[in-house]
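This report concerns only the one structure given below.
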Amino acid sequence: MDTVNIKELNERIQKESAFVDILSMEMTKVIVGQKHLVENLLIGLLANGHILLEGVPGLAKTLAINTLASCINARFSRIQFTPDLLPADLIGTMIYSQKSEQFQIKKGPVFANFVLADEINRSPAKVQSALLEAMQERQVTIGEQTFKLPEPFLVMATQNPIEQEGTYPLPEAQVDRFMLKVVVTYPKKEEEKLIIRMNNSGEFPKANAVLQPEDIIKARSVVRDVYMDEKIERYIVDIVYATRTPEDYGLKSLKDMISYGASPRASISLAMASKAYAFIKRRGYVIPEDVRAVCYEVLRHRIGLTYEAEAENVTSENIISDIINAVEVP
Amino acid sequence: MKMKKLILSLAVLAAMTVSFRAGAQDILSATVSRDTILIGDQVEWKSRIKVPKGMSVKIDSMSGYVVPGVELIGDFKVDTVDRKKDFSMVETRAVVTSFDSGSYVLPPLVVYFYRDGQGVDTMQLPEVPLEVTTVPIDTTTYQMYDIRPQFRYPVTFKELVPWILLLAALVAVVVLTVHFALKRKKTGMVFGKPDPKDPPHIVALRSLDRIRGEKLWQKGNQKQYYTEITDTLRVYIEQRFGIKTIERTSNEILVDLSVKDLAPSDYEALKELFGTADLVKFAKYSATEAENENAVPVAVRFVNDTFMQELEADGKATEGGRKDE
């Protein structure tokens, strides 16, 4: 019975995931290189997880998100986080109408399918909290009324690793709400050459809307159905546990480097992201490679480093590498 | 008549005494080895007494201070040093020293002569002068010096021997501890020879034979069947090719193996087997009967072929070595 389901699921995924190629193609029309970034945006989109992008300025972070939004015929809004931003600027407020002599609700930019929170660490904690609450609850309360946020709802926040002065770093508990933290790196030489040519010609290709929000919602339900064997679940739990008690996995040296390990939310995110990755790869089941492929993005912001680790220039990426090289693959 | 005899005897005795006295210079002598010494120096005070045959002497021995300022070191020794037909020579010896500068006179020793137990005469040995001088100090160029520090004797080898032995013992203990610790880590044993380890292909073939015997897939345990086969192959590949496999995925293992000198058919067969095993393990795939039946033979063939390949490579290397010789 189960066997039939897997076969059916595989066929369904082959069919349902056809849009992935089209979407990727549309995005690569606008974004040169950054394949890793595009892939992770898709994972976040399909796994229903918010994404935190980190990279120096000018790496097409905003453009990538913009393009993704325009590929899907959905509402997109961009909020530039500044120190004087208020929660009401984000979620909306009640305005008194003299005409109707009543308070009217004015919804904020958070009421969109895709929200780009640019430079999220430039706003104070109360604004960050307002957004992060909306991200978690997927609803917003203005005055006495609660409003559900539209589906799909995806927040993509960017932050700059340099220029830390005057910023408000996201607290650990709030960073944990982002399913993925993607580190955007510089393009390759060939890619950068293409970027120059594209800019010199003055012709900027535009991405077409190839998907409807409903397609994403449908794809998400298929992603949720991707089969994950108990062995893979155990593998995920082992990886997450290794961030908490590395000494149990023969990684005694990491014990003093980790101040706190990944939360159960990390296990959930790792499982969901692995499923989304398997879906992108047109598979109806998760294999250990899928888990390893998303491991860095899911765990890097969920592992707390000690002062000792910082003094020795040990990064969370180093720790994740050590862990996946030590945990037995099923 | 009696009176005449007595007068004769007295005359003889008087004549003898007179002759004895007359030769006193020859009979007694006293000397010191040096008549001038530095403070604290030692000098031998010696005297000689010529004792005519038939006579004996007695000398007053002494101890402690000879005179104030001069003291006797050790015993006062009296010895007969020569014996002639008519006399014997008796010698007295003593070592004296002084810790006070000045002029001294060593006192005359009194010698008592006896014949047949009867005292005959008493004589005195001559006095001996002794000058004790002090260290001269040049007051014109006098310079004060600090007290000399404590003298440090150089360390001798004899003194070092116990420490060297102790150090050697400590080193031996450390070396033995490390040796046994490493041995234990490697073999699990501290003493005795470890059990000979079977080569990887023997272990793998034995394990595959056990898996076949357990008839797992026939009993519906397909997942366990493929898990055990792939686990066996992983261990074999790790030991045979030195590739880390336990913490790697199937694809990673295949990528690592692709750079090894494997027969393409073996590589493809392994790839297919790993692919099927992954499907069974992670995708609830129900392998066909043919796939199940083939899984163990494919694994056995892979083990045998790679082992034979290694043997051939070893053989070629040995032949090459001989040709070079």
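Because only heavy atoms are used, hydrogens play no part in the values below, and waters and symmetry mates are left out as well, while side chains stay in. First the proteins, then the strands, lettered A, B, ... as listed; each starts at 1.
The CD atom of B:Glu247 lies 11.0 Å from the CD1 atom of A:Ile324; values are rounded to the nearest 0.5 Å.
The stretch residues 208-229 of chain B places B:Lys223, B:Thr227 near chain A, each with some heavy atom under 4.5 Å from a heavy atom of that chain. Within residues 155-167 of chain B, no residue has any heavy atom closer than 4.5 Å to a heavy atom of chain A. Contact annotation for residues 269-297 of chain A against chain B (heavy-atom separation below 4.5 Å, listed by residue number): A:Tyr285, A:Val286, A:Ile287, A:Pro288, A:Glu289, A:Arg292.
The shortest side-chain heavy-atom distance between B:Ile246 and B:Glu238 falls under the 4.5 Å cut-off. Using a 4.5 Å heavy-atom cutoff, the side chains of A:Arg12 and A:Val222 are in contact. In this structure, B:Leu170 and B:Val174 have side chains that are not in contact, with every pair of non-hydrogen atoms separated by 4.5 Å or more. Using a 4.5 Å heavy-atom cutoff, the side chains of A:Pro246 and A:Ile258 are in contact.
There is no side-chain donor-acceptor pair under 3.5 Å between B:Ser265 and B:Glu268. Side-chain atoms of A:Ser321 and A:Asn318 include no donor-acceptor pair closer than 3.5 Å.
Shown here are the side chain to side chain contact (heavy atoms under 4.5 Å, CB included) partners of B:Leu254, two or more places apart in sequence or in another chain: B:Asn251, B:Tyr267, B:Leu270, B:Lys271, B:Phe274.
Residue A:Leu37 forms a side chain to side chain contact (heavy atoms under 4.5 Å, CB included) with just one option from A:Leu53, A:Leu42, A:Thr185, A:Ile51, and that option is A:Leu53. Just one of B:Val303, B:Thr232, B:Asp198 meets the side chain to side chain contact (heavy atoms under 4.5 Å, CB included) condition when paired with B:Leu205; it is B:Val303.
A salt bridge links A:Arg300 with A:Glu317: the closest approach of a Lys/Arg side-chain nitrogen to an acidic carboxylate oxygen falls below 4.0 angstrom. A salt bridge links A:Glu230 with A:Arg234: at least one charged nitrogen is closer than 4.0 Å to a carboxylate oxygen.
Relative ring orientation between B:Phe302 and B:Phe241 is described as tilted, the plane-to-plane angle lying within the 30° to 60° band.
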